[in-house]
Amino acid sequence: MRATRSLGQIVTAALALAPLASAWPGWLPDINTLVVRQDDSTSSANSASATPTSAPSGSSRTSTASNTRASNTDASSSAASSTDADKPQTTNLNTAHGTPTGHASGNSTITTHQTFDATDGAGGVAMITPAFTAGTTLYRIGDPTPITWVWNYTSLQGTPSAIDVMVSCSTASATWTLTQNMTFAPTATFTWDTEKYSESAVASPLLVAQYTLLIIDSDSSVSATAEPGYLAPFDGFNFGLYTARPYQDVGEWKCATCSGALGDVDRQALGFAISMSIITILSFTWYVTGFAALL
């Protein structure tokens, strides 16, 4: 009888507590907040973060900041590349690096070509030996005495790097180079040994003709246009070359094309002139005498 009463009390108490059990999740905390399983990786991370470390030095901070900026730059470049992937890509093919002229580049210096006033005249050459008033000068080919030319420069503002000396002959349509890269001097002297030249230049011998002396800047040419202040190609001196012949006494010299007697043509011409003179005199005398008789 008592057992039945106790069982009925337990059932009554359970029915009375049923509403409270249904409301359990609302006013009690989650079970995970009451009972939590230990996580080894989390504990290791927490232990590592709790370990005290020394402050990074200045260089370390700089390196870290540089790496951070580099990473940001790479990320930006990657983003820009992915964004502009569909756009046309241009490439600068000019890989040369210019060097300003007139400034040192390594151990060498690049010189500039100076430009002078356009109203200034070009530089010229004035012959000293032979003098300009000497007229046409003749030189013998093979003469043991070398030919000497002396000249100076006029109206020259830009100094030539070197001088070339040549001679040209219109008869042979040829040009002979006598010297190249001759050192520049305000007053220049050049000696030409025609005897040695004739012995060495067998393939192109000098002709008996008139020649022109050419004096030009080594950096220029014979046909170059004259620039203000710089040396213009000079071709203002003409001279003649001739070959020597063996000596012969004047008394023994005979002219192969000359003759002391008149030829047939000369005699006929002289006789015709004398005959016409006589006829003219007689005709005039008769005309004058006959006209006086009529009066």
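Scope of the values below: all heavy atoms of this structure, side chains included, with no hydrogens, waters or symmetry mates. Numbering of residues begins at 1 and proceeds along the displayed sequence.
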Trainee: Can Asn238 and Thr212 be counted as having a side-chain donor-acceptor contact under 3.5 angstrom?
Mentor: yes
Trainee: Please find the pair of heavy atoms, one from Pro186 and one from Tyr153, that lie closest to each other, and give the distance.
Mentor: O-CD1, 3.4 Å
Trainee: Decide yes or no for Asp143 and Glu195: does some side-chain heavy atom of the first lie under 4.5 Å from some side-chain heavy atom of the second?
Mentor: no
Trainee: For a 4.5 angstrom cut-off between non-hydrogen side-chain atoms, does Phe190 reach Leu178?
Mentor: yes
Trainee: Do Phe237 and Trp151 come close enough that some side-chain heavy atom pair is under 4.5 Å?
Mentor: no
Trainee: Using atom types as modelled and distance alone, determine if a side-chain donor or acceptor of Ser220 lies under 3.5 Å from a backbone N or O of Asp217.
Mentor: no
Trainee: Looking at Leu231 and Gly124, what are the two nearest heavy atoms and their distance?
Mentor: CD1-O, 4.0 Å
Trainee: Before you tell me yes or no, could you show the steps for Phe184 and Thr159 under side-chain contact (heavy atoms from CB on, under 4.5 Å), namely the whole-Å CA-CA distance, both residues' side-chain angles and the distance that decides it to 0.1 Å?
Mentor: CA-CA 8 Å; Phe184 172 80; Thr159 303; 3.5 Å; yes
Trainee: For Leu241 and Val208: C-alpha separation, side-chain torsions, deciding distance, then whether side-chain contact (heavy atoms from CB on, under 4.5 Å) applies.
Mentor: CA-CA 5 Å; Leu241 293 179; Val208 178; over 6 Å; no
Trainee: Exactly one of Leu214, Asn181, Thr177, Asp219 should register a side chain to side chain contact (heavy atoms under 4.5 Å, CB included) with Asp164. Which one does?
Mentor: Asn181
Trainee: For Tyr139 and Tyr242, I'd like to know if the aromatic rings sit close, meaning centre-to-centre distance below 6.0 Å.
Mentor: no
Trainee: Going from CD1 on Ile141 to CG on Leu206, what distance comes out if it is rounded to the nearest 0.5 angstrom?
Mentor: 5.0 Å
Trainee: Could you list the residues that satisfy ring-ring contact (aromatic ring centres under 6.0 Å, His included) with Tyr211, not counting sequence neighbours?
Mentor: Trp176, Phe239
Trainee: Under a 3.5 Å threshold, yes or no: a donor from one side chain and an acceptor from the other, between Thr187 and Asn152?
Mentor: no
Trainee: Considering only heavy atoms from C-beta outward, does the side chain of Asp235 approach that of Leu213 to under 4.5 Å?
Mentor: no
Trainee: Applying side-chain hydrogen bond (donor to acceptor under 3.5 Å, both in side chains) as the test, list every pair that has at least one member in residues 271-282; sequence neighbours left out.
Mentor: none
Trainee: Donor-acceptor pair, distance only, cut-off 3.5 Å: does the side chain of Ser218 make one with the backbone of Ile163?
Mentor: yes
Trainee: Under 3.5 Å, is there a donor-acceptor pair between the side chain of Thr191 and the main chain of Pro146?
Mentor: no
Trainee: Take Glu227 and Thr115 through the test side-chain contact (heavy atoms from CB on, under 4.5 Å) and record every step on the way to the result.
Mentor: CA-CA 9 Å; Glu227 295 184 50; Thr115 302; over 6 Å; no
